[in-house]
Amino acid sequence: MKTVDDFNFEGKKALIRVDFNVPLDAEFNVTDSSRIEAAKPTILKVLEDGGSAILMSHLGRPKGKVNPDMSLQHICQKVSEIIGVEVKFISDCVGESVETMVEQLEDGEVLLLENLRFYAEEESGDKAFAEKLSKNGDIYVNDAFGTAHRAHASTTIVADFFEGNKCFGYLLANEIKAIEKVMQTGEKPVTAILGGAKVSSKITIIENILDKIDNLIIGGGMTYTFVKAKGGQVGDSICEDDKLDLAINILKEAEAKGVSVHLPVDVIAANAFDNNAETKISAVDAIEEGWQGLDAGPASLENFKAVILNSKTILWNGPVGVFEMENFSKGTIAIGNFVDTATENGAFSLVGGGDSVAAVKQFGFQDKVSYVSTGGGAMLESLEGRTLPGIAAILD
Ligand code: AMP
């Protein structure tokens, strides 16, 4: 696996695919710059070697049309502040004017190209467009994990034009290493904590990880499909009635593979999907009609705690309750605390995919776990065992 550390960028122009798809407010100010911060080490490595950096990214969903609201010019100042270099901007990402500007770029300088998705060819993975992009640098660096699951021109196809001169940036390399640490080289016991709304969206992940884990903690809305499948009463809880057989099969498969499955035994049940609803603790398999389970109960959390504290490798994907509502966030916060303690005790913990990252950030756990993945969809696809095209393109 080649990273930026395998190259000396002195006198070279690095064409870096970053993920600067950051949120902007109504005045086009960047409201969360963590993705820019995340790309900084890679950019600095190139500059410190004595090279120059050409940054390319998408922003929003302009769907192949120029849209001034989604111009990367809005973020140029912020990038300059974070990188500590006055970043130049050009209002296109391919063509003669861009190539000229790239050519004139001096060592130590940074150029930000305009939104790639102003061209429909970006998302369609157009080869000719990718070739034009390739004219903008000597070495291609992919540091955008968030789009590594897309075979777009700038994330995948462009790599074909850099035979021997392509590598991963630090961010993408770290994501790959963190996933490997859980899925391939994780110290046992390995525990996966899976939550979120539906079994159907996590089924491929469960099937892929059963061979790799010792414990599976199931929480959140998916709980009730499993409980109902086992003959329990789930009241008005979220439940996928067409996935009951699937749930039983998963449980059987887990047993056959020696994986201990831990479902909640009790839940916080509410009489409405509302933060201010009336609540009571209910056995997970005896939830009355008119009531729905919205968080893990105290006995469940005690069980989960024992499993998590005994783990050496932890993967956490999905909240164990409706964490967006304060009264149903306690279970997810408790899980965060258990993972924090396990990590302090030497476990490797990876949080990633979908809403778990939002939950971890909301409750301030991002510095207490070993690794928080930056790529929602890309992380989910990795956990499903797929080879991401953006990663494959660098490896081959
Ligand atoms: P996912 O994107 O699949 O990880 O699902 C995350 C969503 O699942 C969050 O918005 C949670 O509010 C929701 N969720 C978690 N537990 C429950 C539950 N018991 N009932 C309904 N929704 C839930």
Side-chain angles (χ1 to χ4, degrees), residues 146 149 192-209 216-229 232-241 243 246-247 250 262-298 300-301 304 315-336 339 350-363 365 369 372-384:
H149 59 318
I193 308 163
L194 291 188
K198 292 178 171 178
V199 186
S200 51
S201 63
K202 304 281 160 88
I203 176 67
T204 324
I205 296 182
I206 299 177
E207 282 172 348
N208 183 47
I209 62 176
L216 174 61
I217 291 176
I218 293 176
M222 349 188 230
T223 303
Y224 308 97
T225 304
F226 285 95
V227 171
K228 189 165 180 181
Q233 276 176 41
V234 299
D236 292 355
S237 306
I238 185 173
C239 182
E240 291 175 276
D241 284 326
K243 297 287 181 293
L246 185 77
I250 290 173
H262 305 270
L263 280 158
V265 289
D266 62 349
V267 295
I268 308 297
N271 64 354
F273 190 80
D274 189 318
N275 188 44
N276 300 316
E278 215 179 296
T279 61
K280 60 181 176 186
I281 297 172
S282 167
V284 74
D285 56 356
I287 303 171
E288 289 168 46
E289 290 304 318
W291 293 77
Q292 52 187 303
L294 295 183
D295 200 3
S300 309
L301 292 172
F304 294 165
L315 165 69
W316 182 15
N317 172 275
V320 297
V322 183
F323 74 99
E324 299 92 335
M325 296 183 196
E326 198 194 341
N327 289 335
F328 308 108
S329 64
K330 295 189 185 74
T332 300
I333 294 174
I335 296 285
V339 176
L350 166 62
V351 182
D355 269 345
S356 21
V357 174
V360 159
K361 280 191 180 168
Q362 185 176 324
F363 305 126
F365 288 119
V369 297
V372 180
S373 170
T374 56
M379 188 63 179
L380 290 176
E381 290 197 17
S382 297
L383 297 177
E384 287 173 350

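Note that ligands are numbered from 1 as they come in the structure, with each ligand's atoms numbered from 1 the same way. Owing to the predicted nature of the structure, the values given are computational and were not obtained by experimental measurement.
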Does [X] reach the main-chain N or O of [Y] with its side chain, forming a donor-acceptor pair under 3.5 Å?
| X | Y | answer |
| --- | --- | --- |
| T225 | E240 | yes |
| N271 | A277 | no |
| D266 | S282 | no |
| D285 | Q233 | no |

Against heavy atoms of [X], which atoms of ligand 1 measure under 4.0 Å?
| X | answer |
| --- | --- |
| G196 | 1 (P), 3 (O), 4 (O), 5 (O), 6 (C), 8 (O) |
| Y224 | 19 (N) |
| G293 | 18 (C), 19 (N), 20 (N) |

### Query
Looking at K228 and D241, does any basic side-chain N land under 4.0 Å from a carboxylate oxygen?
yes
Spatial distance of atom [atom1] ([X]) from atom [atom2] ([Y]) [nearest 0.5 Å]:
| X | Y | atom1 | atom2 | result |
| --- | --- | --- | --- | --- |
| W291 | S237 | CH2 | OG | 11.5 Å |
| W316 | L350 | CH2 | CG | 12.0 Å |
| Q292 | I238 | CD | CD1 | 9.0 Å |

### Query
So which of G195, S329, A270, A197 gets nearest to atom 8 (O) of ligand 1, if we judge by its closest heavy atom?
A197
For ligand 1 and [X], I'd like to know whether there is a polar contact (N/O to N/O, distance under 3.5 Å).
| X | result |
| --- | --- |
| G318 | no |
| I238 | no |
| D295 | no |
| G221 | yes |

### Query
For K202, is the nearest heavy atom under 4.0 Å from an atom of ligand 1?
yes
### Message
Is F328 close enough to touch ligand 1? Criterion: a residue heavy atom under 4.0 Å from a ligand atom.
### Response
no
### Query
Is it the side chain, the backbone, both or neither of K198 that has a heavy atom closer than 4.0 Å to ligand 1?
neither
### Task
Under 4.0 Å, heavy atoms only, figure out whether ligand 1 is touched by the backbone of V322, its side chain, both or neither.
both
